[in-house]
2 protein chains.
Amino acid sequence: MANIQQVAREAGVSVATVSRVLNEQDTVTTKTRIKVEDAIKKMNYEPSMLGRNLRNSESRILLILIPKISNPFYFEIIKGIESTALSHNYNILLCETDSNPARENIYFDLVKKKMADGIISMDPAVNMETLTELSKTHAIIQCSEYAPNSGIPYVTIDNEEAAYRAVKHLISIGHEKIALMNSDDKFLYARQRKKGYQKALEEHSISINEDYVCRADELGFEYGQHAMKKILSLKDRPTAVFAVSDLLAIGALKEINSNGLQVPNDIAIVGFDKIDFSNMTHPTLTTIGQPMYQMGTIAAKMLMNKIKGETVESVVLEHELVIRESTSG
Amino acid sequence: MANIQQVAREAGVSVATVSRVLNEQDTVTTKTRIKVEDAIKKMNYEPSMLGRNLRNSESRILLILIPKISNPFYFEIIKGIESTALSHNYNILLCETDSNPARENIYFDLVKKKMADGIISMDPAVNMETLTELSKTHAIIQCSEYAPNSGIPYVTIDNEEAAYRAVKHLISIGHEKIALMNSDDKFLYARQRKKGYQKALEEHSISINEDYVCRADELGFEYGQHAMKKILSLKDRPTAVFAVSDLLAIGALKEINSNGLQVPNDIAIVGFDKIDFSNMTHPTLTTIGQPMYQMGTIAAKMLMNKIKGETVESVVLEHELVIRESTSG
DNA sequence: TTGAAAGCGCTAACAA
DNA sequence: TTGTTAGCGCTTTCAA
């Protein structure tokens, strides 16, 4: 494999000139540029990122931290990040943490060792202490889940408002016995969505039944199925369920179907995230849509600016309520 | 950020010695090792991969090419690749090609520019000409989809046999009018699965009805839904469908449900891949399971060996037929 | 067992 | 406009 020296020799110029052509600097005569380009072609030369990266002390790689690669919520966000990154000559390293601190540390080390230039964390279970510490010396952005006072810039939606609207919708079509299928309170988004749920009920003077508020350990279908089993076993069953993720909602739907009950007639369901699957269930799922692609592009831009040393501001984006069959027989 | 020079000075040794400690070479006295380790701790030193990588002319990054990041088929394979890679100090760059040659080329360039040490291609639509050419100078492995005579090592399953078993199963429970929901014949796996389908029918002297053989443009639910619509419009409707992917099967299921028909009583369905979601539909899906995680670990090992310069042999793994509700009322 | 020094491939400051 | 040269941070050969 040829290197810049050999190309320079072939073209009869110095390595500096070759470098200038490579980096499209306009201080090179057309004549010499052509000489160099010919030599590059002739030798099948490809500049090595290894040399360039060391010299520029950058890796042009962005780290993306997600808890589970199989969670559809992240697909569009990742797409947004990736296309923005690519158009700025960055590549992304997609890292599944499994919410496992040991694994997380492997990835943090990658940044410390200059294998990556920055991090977009989307893991709600990320160790905020470590992350905050790391953010003092490295470029870090949070996406979706965040920590308000960490000083780490974030992009997200108004979770409380979104949950509020979801529950309001259920109330508006006549439901009063509404269950909340939440995830762990240790996550900010879980607390915010719960708040929205409570606010909507209180606004309609519906008292909160603690039996109706349940917690799933993780955001997979199985967990939704399991949580729904508990809800169905209540003596005074709710007539509607608001789940904080579509995966939970789909699990709940499955459990309801398996018990011979009908959605939305027996029990209505609202999910959260508007993942692709939410339109493939029978019935289709009413849900909250987040501007995922946009979240991705914005997070990527924020990170790249941060890497450049600029100060960046956090962003809160809009959401939408998508009404489908699971709440409108 | 400290570098190896400063650590050496702090420890009162040469950079060579620090490097030896870093790389756990046993030619260093315990006494000096401790001196060095103390200095490292004191200075909060993290060795830069940039310098090391240039020196070793490697990036310790593996490229993974997949057509769609949202296709659940790849999840477990990726997990297998990643955990194997991580345990050998490699990281993976997950690249979505969207079956777009331009995008593919961006990723091929990454290897040429030494930003990655090798490629695992899982994209059926990959440009085999380019890939074969590239494989002459770079380490490349194919996973799942492959090209028999390209000289590129692969890991896969016996697609014909798997399809044969799936269709045999449908025949064994009494079906004769069996539709095949395939993808494009330009893909080897599609041709192989079709062969298996034909073989099973022929073995039972069931003549092949060309109306029952249809093609979906892509492997998403919508395409399954659309293809099923066509099948349902046939005058002489089939009583069973074998779809070459679970996503297609789920789309078909949705369409059948939407038409007020029952699975498996009116129409039975068999899918392919055993993705997680295939167990969450109502009814659950009979499908072909591939050893995805193992495919991933094997592909990763093959690639790492190839990078070392070893010659590696292709591998064909076992599959299983998983019988669930969609074929057993 | 340790150190001096070369060099991986590139960019950029400075000189011409 | 182009060339010379130092140096990014590391590993490794060779010599001591």
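Order of the sequence lines sets the chain letters (A, B, ...), proteins ahead of strands, with each chain counted from 1. Bear in mind the structure is a predicted one, so any value in this text is a computation, not a measurement.
- Proximity of B/Met304 to B/Thr84: side-chain heavy atoms (C-beta onward) are separated by under 4.5 Å at one or more points.
- Between B/Met43 atom CE and D/dG9 atom P there is a gap of 13 Å when expressed in whole angstrom units.
- Backbone-only contact: B/Thr29 has heavy atoms under 4.0 Å from sugar-phosphate atoms and none from a base.
- Residue B/Thr32 places at least one side-chain N or O under 4.0 Å from the OP1 or OP2 atom of C/dT2.
- For the residue pair A/Ser83 and A/Tyr293, a side-chain donor N or O sits within less than 3.5 Å of a side-chain acceptor on the partner.
- Per the geometry, CD belonging to A/Glu46 stands 14 Å off P belonging to C/dG9, to the nearest Å.
- Side-chain contact check for B/Asn53 and B/Ser59: no donor-acceptor pair (N or O, by modelled atom type) lies under 3.5 Å.
- Of the side-chain N and O atoms in A/Ser14, one or more sit less than 4.0 angstrom from OP1 or OP2 of D/dG3.
- Side-chain contact between B/Val126 and B/Thr97 is absent, with no heavy atoms from C-beta onward closer than 4.5 Å.
- Across the protein-nucleic acid pair, B/Asp26 atom CG and C/dT1 atom P stand 8 Å apart, rounded to whole Å.
- For B/Glu58 and D/dT12, the CD to P distance is 10 Å, given to the nearest whole Å.
- Side chain of A/Asn56, nearest nucleotide from C/dG9, D/dT12, C/dA12: C/dA12.
- A/Met115 has its CE atom 20 Å from the P atom of D/dC8, to the nearest Å.
- Mapping B/Val15 and A/Val13 onto DNA chain D by nearest heavy atom places A/Val13 closer to the 5' end of the strand.
- Comparing D/dT13, D/dT11, D/dG3 by their closest approach to the side chain of B/Arg20 singles out D/dT13.
- With rounding to whole Å, A/Lys114 atom NZ is found 10 Å from D/dC8 atom C1'.
- When distances run from any side-chain atom of A/Leu54 to the nucleotides D/dT4, D/dC8, C/dA4, the shortest one goes to D/dC8.
- For D/dC10, the OP1/OP2 oxygens have no side-chain nitrogen or oxygen of B/Asn53 closer than 4.0 Å.
- Distance CD1 (B/Ile4) to C1' (D/dT12): 12 Å, rounded to an integer number of Å.
- Dashed line: the shortest gap from a side-chain N or O of B/Asn3 to OP1 or OP2 of D/dC8 is not under 4.0 Å.
- The side chain of B/Arg55 sits closest to C/dG7 out of C/dA12, C/dA5, C/dG7.
- Contact annotation: B/Arg52 side-chain N/O to D/dT11 OP1/OP2 distance is under 4.0 Å.
- Taking 4.0 angstrom as the limit, B/Ser19 places none of its side-chain polar atoms (N or O) nearer than this to OP1 or OP2 of D/dT12.
- As judged by a 4.0 angstrom heavy-atom cut-off over every strand, B/Ser48 is placed among residues touching the sugar-phosphate backbone only.
- With rounding to the nearest 0.5 angstrom, the CD atom of A/Gln142 is 10.5 Å from the CD1 atom of A/Ile119.
- Look at CD on A/Gln5: it is 13 Å from P on D/dG3, rounded to the nearest Å.
- Residues A/Ala16 and A/Leu50 each lie close to DNA chain C; by heavy-atom proximity, the contact nearer the 5' end of the strand is made by A/Leu50.
- Note that the OG1 atom of A/Thr32 and the CD atom of A/Glu37 stand 9.5 Å from one another [nearest 0.5 Å].
- Contact check, B/Thr17 against C/dG3: a side-chain N or O comes under 4.0 Å of OP1 or OP2.
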